[in-house]
Amino acid sequence: YGKTSMTLAMRDKVLSPMTDADVWAKDYDDLSKDYRGLLSAFVQLNFTRYLYLKVSGGLDIEHNTRIFWYGKGTEFGACSSENIYGGAASNVTSLNMNYNASAELDFNKYFGMHHVGVKLAADVIGNVGNYNTLNARDFITHSLRGYSVLIGTSARQLHAYVEDYFHFGGFATATYDYNGIAGVTGTVRADMTPKYKRPINIYPAAEGFVDLKKAFLSGTDV
């Protein structure tokens, strides 16, 4: 029956003296149709047992239409000096596309008791959204309800905007360990979002480990 604030207001006659819940239910519409397509795929190329390249990506496309109607039984659509015949309608359409892609080159190999790993990766995420809203009030006839937005006697208001977001980044990681007893890992990641017009952000990190129990049992000096 609408937003939570509206349904709560209907219970309080001090806040909403002119609204009746049963009348509201008959005079309010929120009709929506949503079409959505999801696609994802990846390809992995194994060059050797130690080296592979994996490329993946995905798309999420959604088209939505939404029709609102506020009749005389709602406060927003009630008759007034600015809304002589009553009624208010809004038609909303949106088209959104979210996308992502990544590529990862991975090398892992053991040389006796030594293990070396190197990984290079890059990723991209973003979305593009188009939104259009058409609003009108004051309808001579209410028979078409929200579908009559084009025949409202008030000045029709059209709102349209585009949302565009794009982000990309990448990282490099190098790992070395000796027989699982001790090792070090270093990583550097870079990220940038052109929309905010800021320089590339760099995030370095490093870690190391020592397995004292394993070192003691193996008799290795650490």
Side-chain angles (χ1 to χ4, degrees), residues 1-41 57-102 123-168 192-198:
Y1 297 139
K3 294 182 179 179
T4 305
S5 59
M6 295 181 179
T7 56
L8 291 175
M10 284 190 290
R11 303 176 189 174
D12 190 333
K13 290 304 178 182
V14 175
L15 295 174
S16 188
M18 303 301 294
T19 303
D20 178 87
D22 292 331
V23 176
W24 177 280
K26 296 177 182 178
D27 266 4
Y28 175 80
D29 291 334
D30 181 356
L31 309 175
S32 179
K33 289 183 179 180
D34 193 71
Y35 301 92
R36 190 173 185 181
L38 298 170
L39 174 67
S40 62
L59 281 175
D60 179 355
I61 302 175
E62 181 178 21
H63 180 265
N64 178 270
T65 59
R66 201 167 181 183
I67 297 174
F68 294 94
W69 169 253
Y70 298 87
K72 295 179 182 179
T74 67
E75 289 194 47
F76 190 63
C79 296
S80 66
S81 59
E82 297 179 353
N83 192 2
I84 299 173
Y85 299 106
S90 179
N91 290 180
V92 182
T93 61
S94 64
L95 178 62
N96 290 283
M97 181 181 72
N98 297 290
Y99 57 88
N100 64 81
S102 65
D123 51 72
V124 173
I125 61 172
N127 73 283
V128 178
N130 292 273
Y131 304 88
N132 294 279
T133 303
L134 182 62
N135 304 310
R137 300 177 70 188
D138 203 9
F139 296 89
I140 296 176
T141 176
H142 290 192
S143 60
L144 297 176
R145 298 173 78 90
Y147 295 97
S148 61
V149 67
L150 294 176
I151 62 174
T153 60
S154 68
R156 287 181 290 277
Q157 298 179 350
L158 176 64
H159 305 280
Y161 68 95
V162 176
E163 183 181 80
D164 191 355
Y165 176 81
F166 175 72
H167 175 92
F168 65 91
M192 184 175 184
T193 305
K195 179 178 181 179
Y196 301 119
K197 298 180 180 179
R198 294 178 180 176

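Residue indices begin at 1 and follow the sequence shown.
Residue N132 comes nearest to A160 through the heavy atom pair OD1-CB, 3.2 Å, listed as atom of the first residue, atom of the second, then distance. Taking all atoms of both residues into account, the shortest heavy-atom contact from S90 to N135 is OG-OD1, 2.6 Å. The two residues G86 and K72 make their nearest non-hydrogen contact at CA-CG, 4.4 Å.
Of the possible polar contacts, one joining the R156 side chain to the L150 backbone as a donor-acceptor pair under 3.5 Å is found. Judged purely by atom type and a 3.5 angstrom limit, S148 has no side-chain atom pairing as donor or acceptor with the backbone of I151. Judged by distance alone, the side chain of D138 and the main-chain N or O of I84 form a donor-acceptor pair under 3.5 Å. Of the possible donor and acceptor atoms, none in the side chain of H159 sits under 3.5 Å from a partner among the backbone N and O of Y131.
Residue Y99 places its OH atom among more than 12 non-hydrogen atoms of other residues, nucleotides or ligands, all under 6.0 Å distant.
Judged by the 6.0 Å distance and 45° axis criteria, R145 is not positioned over the aromatic ring of F139.
With a 4.5 Å cut-off on side-chain heavy atoms, I140 and T153 count as touching. Within the 4.5 Å cutoff, no side-chain heavy atoms of S40 are placed close to those of L38. Using a 4.5 Å heavy-atom cutoff, the side chains of L31 and Y147 are in contact.
Rounding to the nearest 0.5 angstrom, the gap separating the CG atom in D164 from the CE atom in M97 is 9.0 Å. Rounded to the nearest 0.5 Å, atoms OH (Y165) and NZ (K195) are 8.5 Å apart. Note that CZ of F168 and CD1 of I125 are 12.0 Å apart. Values are rounded to the nearest 0.5 Å. Taken from OG1 in T133 to CG in N91, the straight-line distance is 9.0 Å, to the nearest 0.5 Å. One distance of note links CG of L95 with CD1 of I61; it measures 7.5 Å at 0.5 Å rounding. Rounded to the nearest 0.5 angstrom, M192 CE and F166 CZ are separated by 10.0 Å.
Ring pair Y35/H63 is tilted by interplanar angle, where 30° to 60° counts as tilted. Between Y28 and F68, the angle of the ring planes lies from 30° to 60°, which puts this pair in the tilted group.
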**OP:** Evaluate the side chain to side chain donor-acceptor pair (under 3.5 Å) criterion for residues S32 and N64: first the C-alpha distance (whole Å), next the side-chain angles of each, then the deciding distance (0.1 Å), finally the verdict.
**Re:** CA-CA 7 Å; S32 179; N64 178 270; 3.1 Å; yes
Original post:
How far apart are the C-alpha atoms of W69 and L144, what are their side-chain angles, what is the distance that settles it, and do they pass the side-chain contact (heavy atoms from CB on, under 4.5 Å) test?
Top reply: CA-CA 10 Å; W69 169 253; L144 297 176; over 6 Å; no
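Between D60 and R36 there is a salt bridge, with a side-chain nitrogen of the basic residue lying less than 4.0 Å from a carboxylate oxygen of the acidic one.
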